[in-house]
Protein chains: 2
Amino acid sequence: MASSRERRATAPTSQDVARLAGVSQSTVSYVLTGSRPISEATRERVEDAIAKLGYHPNSGARTLRSRRSGVIGLMVPEADGDDGALMTFVGSIAREARRHGYDILLVTAQEGAEGIRRVVRTGVCEALILMELDRIDERVPPVLESGLPFVTLGKPEEFPQGSVVDLDFEMLGRMVVERAIEEECDRLLLFGDPGRKRARNDVSRFLRGVEDVAQEAELEVVMDGGALAEVPARALRMTLPNQRTAMFGLSGVRQVLFAMAATRALVDDTRLLITLSGADLVDVSPLLAAVPQLDPRRVEISELAVRELVRLLRTDGASPRITLVEPRWIEG
Amino acid sequence: MASSRERRATAPTSQDVARLAGVSQSTVSYVLTGSRPISEATRERVEDAIAKLGYHPNSGARTLRSRRSGVIGLMVPEADGDDGALMTFVGSIAREARRHGYDILLVTAQEGAEGIRRVVRTGVCEALILMELDRIDERVPPVLESGLPFVTLGKPEEFPQGSVVDLDFEMLGRMVVERAIEEECDRLLLFGDPGRKRARNDVSRFLRGVEDVAQEAELEVVMDGGALAEVPARALRMTLPNQRTAMFGLSGVRQVLFAMAATRALVDDTRLLITLSGADLVDVSPLLAAVPQLDPRRVEISELAVRELVRLLRTDGASPRITLVEPRWIEG
DNA sequence: ATGAAAGCGCTAACAT
DNA sequence: ATGTTAGCGCTTTCAT
């Protein structure tokens, strides 16, 4: 086959823009970065030339020279099965980042500490957002070492060097218990094995909230560690006549719902499901007593995280902040 | 405040490695790129020095010089509510990309054609993976213009310039109808408004498969365009005594399940739910007749997409390919 | 208010 | 088998 035409048109450079605008190359750069005053006339000619050529500054050159890549690394956890919430975070973060002129580069949890070291040392990322950290996490030391600004989604025990944005899980725990009491339940069944997941910071904070309030009320808290499919049956079994069991899980809500339907053991006077989930569950009223509406919170948390990171990037010597977002009920 | 110590340690360069190994800087580069033979002794000294310094090549410099950024742009659709499948794709793509030495940069659908133009012109991405294209999509022209290799997840009508990896939706359509007939159903209710979504290529291919087989069988196909919450009630209403209705949806399966539970209108002899979903639904047997197990397919599709893109990147002048992945049943 | 020029850290052509 | 060197396209200091 003879070559009909060449493959890739090479992108215009600031040199090309300068030539077209009749200015020096550095002037183009100054117009772009705004790091020195430019006369209105010159700026206009440069901007026209930029538009005419469809010029975009070369990212490699810019990064090499300025040490700012315009890229934020996002450390995502392994998606275990069907976690829709995760994509809400990722999508909102990407959108908000673009709004501030940054791109998002994915770093999978699988890459571990070495992955962090890599994106930091190669200079691809100039800041990091960390999702779902363990309480002791191998990926934290390389982040601290790098000195890059970072924001954690999900509050670790102590983290004075980076900012934190998270849902107020302690408050959520208190809210769930209070709700169960209001609904005159005798027992709160926490499914999804929160006991064993206590190592996770969100879980431990949630449980702290639960225990705070449950202790002084007459509410028995049971942590279920078995299969999600059997949660409804177990709830039924542990509920004596004239009693009522509230059910709540930080995860696995859908599976439990399916299971309740499947076993034909639906919610009735003896059981109450308080669930934590997205907007799509609000319609399922007969099954639910109340849903803390978290989907908008997730977007809010994502946006706050990005804005906080941008603040750290722009303000030199800015100190980290902790931001907790309050959960809210949606009545079902 | 007096400065106690400087903030960020500057990363070692190939120059530092060269000095430590007692070779020239270019030799370090050749060891790294493997683009010329190096004696075993030299290679070893260089690699030792690299390890000792924790050296990683500067990404900006490498990109600027080689025009290869090592970054693949991933165009993700807007996550509408709780779409767990999406994150499965994104996660698997990121993992597989890393396995081949590439990073994934997110490009949200929201950015549109201009977003594509931007990542292409700035040179951040050297290849693209496109998810959920419309049949006529404004983002395609800039991709073609760029000349960059790309892979589409989800088959468009015609696309000779880029590769395609997708589920075989036509086969899925045929499978669903055949299954409904096997199960002695008189009617197939397609929920989630496939009629109006026919513009989407996967939907249109699915319907083509459905219609192919349904025509010659005695199966009535009804496309439901109403609220998902009322699908079970409508199915019940349209089913005469001694009849059976199969139900299937490409999306909204969970909502329909919830609705069936909520209205206490469960599956019985008159109705059969054939659903398209992840592994988490397999347990819900009484509700389901059969589940095409798609979660592993999604991982497979993601990995194939990345591998295909890598092939296009590595093999010069490689021609695009279409890869269709077969759906498979899982019995519930 | 603008221009000229240095150089960021690499890759790869051109040496030997 | 290795070294020397010329840039890639920007940002920014030093001129004017």
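No hydrogens, no waters, no symmetry mates; every other heavy atom, side chains included, goes into these values. Every chain is numbered from 1, with letters handed out A, B, ... down the list of sequences. No experiment lies behind these values; they were computed from the predicted model shown.
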Contacted region of DNA chain D by chain B, from 5' end to 3' end of the hits, cut-off under 4.0 Å to heavy atoms, spans D:dA1 to D:dG9
Partners of B:R36 by salt bridge (Lys or Arg N to Asp or Glu O under 4.0 Å), sequence neighbours excluded?
-> none
Between which nucleotides of DNA chain C, 5' to 3', does chain A make heavy-atom contacts below 4.0 Å?
-> C:dA1 to C:dG9
Classify the nucleic acid contact of A:T42 as base, sugar-phosphate or nothing, counting any heavy atom under 4.0 Å across all strands shown.
-> sugar-phosphate
Where each residue is assigned the nucleotide of DNA chain C containing its nearest heavy atom, which of B:A61 and B:S35 is assigned the position nearer the 5′ end?
-> B:A61
Counting any heavy atom closer than 4.0 Å, what does A:S14 reach on the DNA or RNA strands: base, sugar-phosphate only, or nothing?
-> sugar-phosphate
Exam field: side chain B:E126 to backbone B:G70, donor-acceptor pair closer than 3.5 Å = yes
Using a strict 4.0 Å threshold on nitrogen-to-oxygen distance, state whether A:E78 and B:R95 make a salt bridge.
-> yes
Verdict with supporting geometry, B:R297 and B:D166, salt bridge (Lys or Arg N to Asp or Glu O under 4.0 Å) | CA-CA 9 Å; B:R297 298 284 152 273; B:D166 201 3; over 6 Å; no
Decide yes or no on salt bridge (Lys or Arg N to Asp or Glu O under 4.0 Å) for A:D48 and A:R43, but give the supporting numbers first.
-> CA-CA 9 Å; A:D48 284 356; A:R43 141 166 298 115; over 6 Å; no
Compute the angle between the rotation axes at the two ends of the helix from C:dA1-D:dT16 to C:dT16-D:dA1, each taken over five pairs, rounded to 10 degrees.
-> 40°
Look at all strands and tell whether B:L32 reaches a base, only sugar-phosphate, or nothing, counting heavy atoms closer than 4.0 Å.
-> nothing
Upstream residue (5' side of DNA chain D) when B:R36 and A:T33 are each assigned their closest nucleotide | B:R36
How would you list, by chain and number, every residue that makes a side chain to side chain donor-acceptor pair (under 3.5 Å) with B:N58, sequence neighbours excluded?
-> none
NA contact type, B:S39, heavy-atom cut-off 4.0 Å: base, sugar-phosphate, or nothing?
-> sugar-phosphate
Min side-chain heavy-atom separation B:T63-A:L64 under 4.5 Å | no
Just call it for A:R43: base, sugar-phosphate, or nothing, with non-hydrogen atoms closer than 4.0 Å on any strand.
-> nothing
Of A:L64 and A:V23, the one whose closest nucleotide on DNA chain C sits nearer the 5' end is A:V23
The side chain to side chain donor-acceptor pair (under 3.5 Å) partners of A:S66 (sequence neighbours excluded) come to none
Between the main-chain N or O of A:V124 and the side-chain N or O of A:S69, is there a donor-acceptor pair closer than 3.5 Å?
-> yes
Where the side chain of A:T13 meets the backbone of A:Q15, is there a donor-acceptor pair that is under 3.5 Å apart?
-> yes
Could you verify whether a donor N or O on one side chain and an acceptor N or O on the other, from B:S39 and B:T42, lie under 3.5 Å apart?
-> yes
What is the nucleic acid contact for A:S29, judged by heavy atoms within less than 4.0 Å: base, sugar-phosphate only, or nothing?
-> base
